[in-house]
Amino acid sequence: MKALIVVDIQNDFCPGGSLAVNDGDAVVPYVNRLIKSFSDSGSRVIYTRDWHPANHSSFADFGGIWPAHCVAGTDGAAFHPDLIEAPGSIIISKADKTESDAYSGFEGTELDKELKMLGIDNLVVAGLATDYCVKNTVLDALSKGYETVVAEDCIRAVDVQTGDGERAILEMTKAGAVFRTSNSLIAR
Ligand code: VGL
Ligand code: ZN
C-alpha cells in the first residue's frame with residue numbers, strides 16, 4: 001500500500017518566509033496534482049511540518065544555525081495557503097521541543113507507527129527542503145525498509161552551500177531512493 005508524504009510546505013520555507021527556499025512555492029501546483037491523484041485513488045496523504053517552540057535550539061538566538069522559523073501556531077508555520085488538504089490526511093509535527101531538532105519526519109514522531117498501522121510500505125515523497133527535511137525523511141524511510149520514490153520536480157533545496165541539493169539527491173539515490181517526475185506518478 002502506498003502513501004504520499006508532503007514534507008514541510010510551510011510559509012516560512014516559501015518566498016517571503018523567514019527561511020525561504022528559492023522557488024519553494026513553485027512545487028505547490030505539482031504537489032497538489034499528486035495530492036489529488038493519491039486522494040482520489042484512495043491512498044493516504046501525510047503532511048509533515050516543522051513545529052518549533054519560540055526558543056528552539058536550532059535558532060541563531062539560541063545557539064543554532066537558522067533564523068527563527070516555523071514557530072508553532074504562527075502564520076510562518078502554516079502550510080502554504082494554496083496547498084490542498086486531502087480528506088482523511090494525517091499531520092505529523094516535528095521538532096516541537098526546544099532541544100529536539102528533527103529534520104526527518106520519522107524522528108521523535110509517530111510516523112513509522114502510523115504507516116505500519118495503515119499497512120503502508122511504499123512512499124512517494126515531495127516537499128521542502130531537498131537538502132534537509134526531504135533528505136533525512138527519505139534516508140530514514142529507506143533504512144526502515146520503505147520502498148521510496150522522490151517526486152523530482154516537487155522538491156527544492158536551501159543550498160546553504162552551492163550544490164547541497166545536488167549532493168542530497170546523490171546521497172538519496174545511493175541509499176536506494178528512486179527519482180520520478182510527478183507526472184509519471186499520477187494515476188491515469
Ligand atoms: C528544514 C532547515 C531547518 C526543512 C527545517 O524543513 O528542510 N530546514 N528546519
Ligand atoms: Zn526547522
Side-chain angles (χ1 to χ4, degrees), residues 4-28 30-31 34-35 45-83 89-112 123-143 148 150-172 175 177 179:
L4 173 64
I5 312 276
V6 178
V7 177
D8 298 13
I9 305 192
Q10 295 166 271
N11 288 323
D12 272 341
F13 294 127
C14 292
S18 65
L19 183 39
V21 173
N22 223 344
D23 238 12
D25 57 340
V27 304
V28 171
Y30 299 93
V31 175
L34 278 179
I35 292 171
V45 181
I46 293 151
Y47 303 75
T48 68
R49 63 183 180 188
D50 223 20
W51 201 246
H52 298 317
N55 62 346
H56 193 251
S57 57
S58 78
F59 298 172
D61 284 348
F62 302 93
I65 60 167
W66 302 114
H69 63 279
C70 298
V71 173
T74 64
D75 186 58
F79 292 123
H80 187 286
D82 295 340
L83 190 68
S89 60
I90 297 170
I91 295 177
I92 299 285
S93 302
K94 63 184 167 59
D96 59 351
K97 305 275 185 314
T98 306
E99 298 306 327
S100 67
D101 202 15
Y103 290 131
S104 162
F106 288 97
E107 215 178 315
T109 71
E110 304 276 270
L111 180 55
D112 189 46
L123 303 178
V124 171
V125 180
L128 308 172
T130 308
D131 36 0
Y132 291 93
C133 290
V134 170
K135 179 180 93 170
N136 286 281
T137 300
V138 165
L139 294 179
D140 274 356
L142 290 164
S143 75
T148 308
V150 180
E152 64 187 21
D153 51 341
C154 294
I155 57 175
R156 289 294 185 281
V158 180
D159 276 335
V160 171
Q161 306 285 335
T162 308
D164 282 353
E166 286 307 313
R167 282 186 286 275
I169 288 170
L170 263 175
E171 212 179 318
M172 290 186 268
F179 285 73

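Both counts, for ligands and for their atoms, begin at 1 and track the order of listing. Scope of the values below: all heavy atoms of this structure, side chains included, with no hydrogens, waters or symmetry mates.
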As an exercise, identify every atom of ligand 1 less than 4.0 angstrom from a heavy atom of [X].
| X | answer |
| --- | --- |
| Leu128 | 6 (O), 7 (O) |
| Tyr103 | 2 (C), 3 (C), 9 (N) |
| Asp8 | 4 (C), 6 (O) |

Before signing off on this row, confirm whether [X] and ligand 1 have an N or O atom pair separated by under 3.5 Å.
| X | answer |
| --- | --- |
| Asp50 | yes |
| Cys133 | yes |
| His52 | no |
| Val134 | no |
| Trp66 | no |

Arg156 versus Val21, closest heavy-atom pair with distance: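 Arg156 and Val21 have their closest heavy atoms at CB-CG1, 3.6 Å.
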Validation row: [X], [Y] side chains within 4.5 angstrom (heavy atoms):
| X | Y | value |
| --- | --- | --- |
| Asp50 | Gln10 | yes |
| Phe106 | Ile5 | no |
| Phe62 | Thr98 | no |
| Val71 | Phe59 | yes |
| Phe79 | Val6 | no |

Check: His69 ring centre within less than 6.0 Å of Phe13 ring centre: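 Ring centroids of His69 and Phe13 are less than 6.0 Å from each other.
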Test item, Gln10 contacting ligand 1 (heavy atom, 4.0 angstrom):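 For ligand 1, residue contact (heavy atoms, under 4.0 Å) with Gln10 is absent.
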Side chain to side chain contact (heavy atoms under 4.5 Å, CB included), paired with Asp164, selected from Thr130, Asp131, Ile169, Val158: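 Answer to the side chain to side chain contact (heavy atoms under 4.5 Å, CB included) test with Asp164 among Thr130, Asp131, Ile169, Val158: Asp131.
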Protein N/O/S neighbour count - the Zn ion (ligand 2), strictly under 2.8 Å: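 Protein N, O or S neighbours of the Zn ion (ligand 2) under 2.8 Å, waters not counted, come to 3.
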Asp82 atom CG: more than 12 heavy-atom contacts under 6.0 Å: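 Yes.
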Atom pair OG/CG of Ser57 and Asp101 - distance to nearest 0.5 Å: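 So the OG of Ser57 and the CG of Asp101 are separated by 5.5 Å.
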Part of Val158 with heavy atoms under 4.0 Å of ligand 1, whether side chain, backbone, both or neither: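 The answer is neither; Val158 stays 4.0 Å or more away.
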Atom 8 (N) of ligand 1 - nearest protein heavy atom and its distance: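 Protein heavy atom with the smallest distance to atom 8 (N) of ligand 1: Tyr132 CB, 3.7 Å.
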